[in-house]
Student: 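Here you go, one structure.
Quick caveat: nothing in here was measured; it's all calculated off a predicted structure. By convention in this document, chain letters (A, B, ...) are assigned in the order of the sequence lines, proteins followed by strands, and residues within each chain are numbered from 1.
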There are 2 protein chains.
Amino acid sequence: MAPTTPPVPLPRYLQLMWGVETGGRRGPKPGRTIQDIGAAAVAVADRDGLAGVSMKSVAAELGLTTMSLYRYVDSKDELYAVMLDTAYGRPDPGLTTRGSWRTRLERWARAIAAVRLEHPWTVTVPLGEPPATPNTARWTEAGLGSFTGTKLDAQQRFSSLLLIDGFVQQHIRQSLTLGFLGEGGQTLAGSDSYPENLYSVADPKEFPLLLAGAGEALADEAPDDDFFATELDFGIRTILDGIAVQVEAASR
Amino acid sequence: MAPTTPPVPLPRYLQLMWGVETGGRRGPKPGRTIQDIGAAAVAVADRDGLAGVSMKSVAAELGLTTMSLYRYVDSKDELYAVMLDTAYGRPDPGLTTRGSWRTRLERWARAIAAVRLEHPWTVTVPLGEPPATPNTARWTEAGLGSFTGTKLDAQQRFSSLLLIDGFVQQHIRQSLTLGFLGEGGQTLAGSDSYPENLYSVADPKEFPLLLAGAGEALADEAPDDDFFATELDFGIRTILDGIAVQVEAASR
DNA sequence: CCTCACTGTGTATGTCGCATACTGTGAATG
DNA sequence: CATTCACAGTATGCGACATACACAGTGAGG
């Protein structure tokens, strides 16, 4: 399986990110690297949220005009791919080399959660296709390292990784929507306007459980303090339990 | 807990959706209902995808000019809330009234999955806050009905519902991104461009597991046929197992 | 019954975002 | 040394969301 040239040439941003040499370039040298573009976009997103990321704002961050940014990425979707790759960074090389498969996989899961918590906007980036960028591949490679020694087939391994990262993403996304998590990754008390609005219009006859439950949950003191962490732990543990069943079944 | 007037008045679209009476209206009667708006927006999204939903396209679907739509919703975010509520519809009244808690909860989970599969765009709607709309509340109420008889507290019940719907959403979202699912909800074979691109640039020395795994997964025949359903089943079962542990613990 | 406040609809317009097309400039090839 | 080509900038188009205003007709109050 040696590297081969695909029928459709790689998009420029992927060539840049993977360091593909393109022979004798004639004109002036690029003033920025694709890493510069990623770093600038991540900086904008960390500061102003994903909504603050526009071609104009990122270009300004780089000291370029809006259109010059298109020398590096052909569309905003490509910019998103570069941002994500930059935010993910390289996984710790020793992440999945020691311990049981479960220890390795849980370490991988918590590392991903930590990265996403540092850049919560990563879970709100609209994606049309999975990014084929280097750091994304490195995280997958590291994740696959967890299963060495097990008898899971390739499909099961990929599915397990997707399940874990998918849960982490979903948990952060829900926490953002519900107001338990700020755009900077701080844990919050949660928005009260939702139950308040409901109380004013929902008929107790039609929504007895919902209204009672909302009252009970609100009456509880400090349920949100480590709500985020508790739920994250529960989800990871539950999914690992499920995977363990498969590992068991495959070993016989 | 009788309905009370909140300090901040409800946004208009919520008043319309909940049927709040607003006293003597003086001018002409509205030519459309909020249900009309929801139905039109859902029709556009089902036909052209969420990207095809604009104030202009929805207004045109209703036979209105773009700006007249703002008589019913104050912003596009509000239109999203109306669309979602319309797409969800009313849950089957008997959804969570028969069987064990696990039977009821699984039925609820599969009903939600079916609805979201009918309108896959529901998982890609950008949400700033949880929608306080009637059908959303009805689905929550129905979901809570699953736990009658268990000793889970309110927080655990809400969290469990969030976990299930969150997984369903994430699974559909990933399936869309990976190309296993079309915008119309059809199951597909999945995109090959991702592994193809990787093969052309990834060094086998650095990505041995990823490249070997991708090769193995692609060599497998018909892994995608019921891939979507298989993974959905696995996820639901795993999460229910996890909740069962909590139900057990709470019962003692 | 008449007046006028108010509401639904339409037109005009502003702002902002993404993206194509083109110009200018300078470096490296041959 | 001339040609070629890539980087950066300028001009411009298009479509999206949204505010401001004009018009028209309904219905409450005197």
Student: Mind checking whether A/His171 and A/Phe227 have parallel, tilted or perpendicular rings, split at 30° and 60°?
Tutor: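 Tilted, since the angle between the ring planes falls between 30° and 60°.
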Student: Can you tell me how far P of D/dC7 sits from CG of A/Leu62, to the nearest Å?
Tutor: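 From A/Leu62 CG to D/dC7 P: 15 Å.
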Student: Quick one: which of C/dG8, D/dA8, C/dG10 gets closest to the side chain of B/Tyr72?
Tutor: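 Of the candidates, C/dG8 comes closest.
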Student: Select one nucleotide: of D/dA16, C/dG10, C/dG17, the one nearest the side-chain heavy atoms of B/Lys56.
Tutor: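 Among D/dA16, C/dG10, C/dG17, the one nearest the side chain of B/Lys56 is D/dA16.
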Student: For residues B/Arg173 and A/Gln169, is any side-chain donor paired with an opposing acceptor at under 3.5 Å?
Tutor: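 No, no side-chain donor-acceptor pair sits under 3.5 Å.
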Student: If you look at every strand shown and take non-hydrogen atoms under 4.0 Å, does B/Met55 touch a base, only sugar-phosphate, or nothing?
Tutor: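 It contacts sugar-phosphate atoms only.
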Student: Tell me what A/Ser54 touches on the nucleic acid: a base, only sugar-phosphate, or nothing, going by heavy atoms under 4.0 Å.
Tutor: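 Contact class for A/Ser54: sugar-phosphate only.
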Student: Please check this pair: side chain of B/Glu61 against backbone of B/Ala43, looking for a donor-acceptor N/O pair closer than 3.5 Å.
Tutor: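 No: the side chain of B/Glu61 does not pair with the backbone of B/Ala43.
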Student: Counting only side-chain N and O atoms of B/Tyr70, is one of them less than 4.0 Å from OP1 or OP2 of C/dG10?
Tutor: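 It does not, given that no N or O in the side chain of B/Tyr70 lies less than 4.0 Å from OP1 or OP2 of C/dG10.
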Student: Side-chain contact, heavy-atom cut-off 4.5 Å: A/Asp77 with A/Glu129?
Tutor: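 A/Asp77 does not reach A/Glu129 side chain to side chain.
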Student: By nearest atom, which of the nucleotides C/dG8, D/dT19, D/dG9 is closest to the B/Met67 side chain?
Tutor: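 My answer, after comparing the listed nucleotides, is D/dT19.
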Student: Can you figure out which of C/dC18, D/dG25, C/dG26 approaches the side chain of B/Pro28 most closely?
Tutor: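 Given the options C/dC18, D/dG25, C/dG26, the side chain of B/Pro28 is closest to D/dG25.
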Student: Would you call B/Trp139 and B/Val115 a side-chain contact if the rule is heavy atoms closer than 4.5 Å?
Tutor: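 Answer yes - side chains close enough.
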Student: Nearest to the side chain of B/Ser68, heavy atoms from C-beta on, is which of C/dT20, D/dA8, C/dT9?
Tutor: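 From the listed options, C/dT9 comes nearest.
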Student: D/dC17 P sits how many Å from B/Glu78 CD, rounded?
Tutor: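 In whole Å, D/dC17 P lies 14 Å from B/Glu78 CD.
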Student: Remember a base hit wins even if backbone is also touched, and classify A/Ser75 as base, sugar-phosphate or nothing at under 4.0 Å, heavy atoms.
Tutor: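 Answer is sugar-phosphate: A/Ser75 comes under 4.0 Å of backbone atoms only.
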Student: Base, sugar-phosphate, or nothing for B/Pro30, non-hydrogen atoms under 4.0 angstrom?
Tutor: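 The answer is sugar-phosphate, as B/Pro30 gets under 4.0 Å only of primed atoms, P, OP1 or OP2.
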Student: From C-beta outward on A/Arg26, which listed nucleotide comes closest to its side chain: D/dC17, C/dT29, D/dC7?
Tutor: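 Selected nucleotide: C/dT29.
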Student: To the nearest Å, give me how far apart CG (A/Asp74) and P (C/dA21) are.
Tutor: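 Rounded to whole Å, this separation is 13 Å.
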Student: Let me spell it out: for each of B/Tyr80 and A/Thr65, pick the nucleotide of DNA chain D with the closest heavy atom. Which residue's pick is nearer the 5' end?
Tutor: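 Per heavy-atom nearest nucleotide, the more 5' residue is A/Thr65.
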Student: Mapping B/Arg71 and A/Asp77 onto DNA chain C by nearest heavy atom, which one lands closer to the 5' end?
Tutor: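 Here B/Arg71 is the residue nearer the 5' end.
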Student: Can you see if the side chain of B/Lys29 gets near the phosphate of D/dG27 - specifically, an N or O under 4.0 Å from OP1 or OP2?
Tutor: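 The answer is yes; a side-chain N or O of B/Lys29 sits under 4.0 Å from OP1 or OP2.
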Student: Quickly work out the A/Lys76 NZ to C/dT20 P distance and round it to whole Å.
Tutor: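 Computing the A/Lys76:NZ to C/dT20:P distance gives 15 Å.
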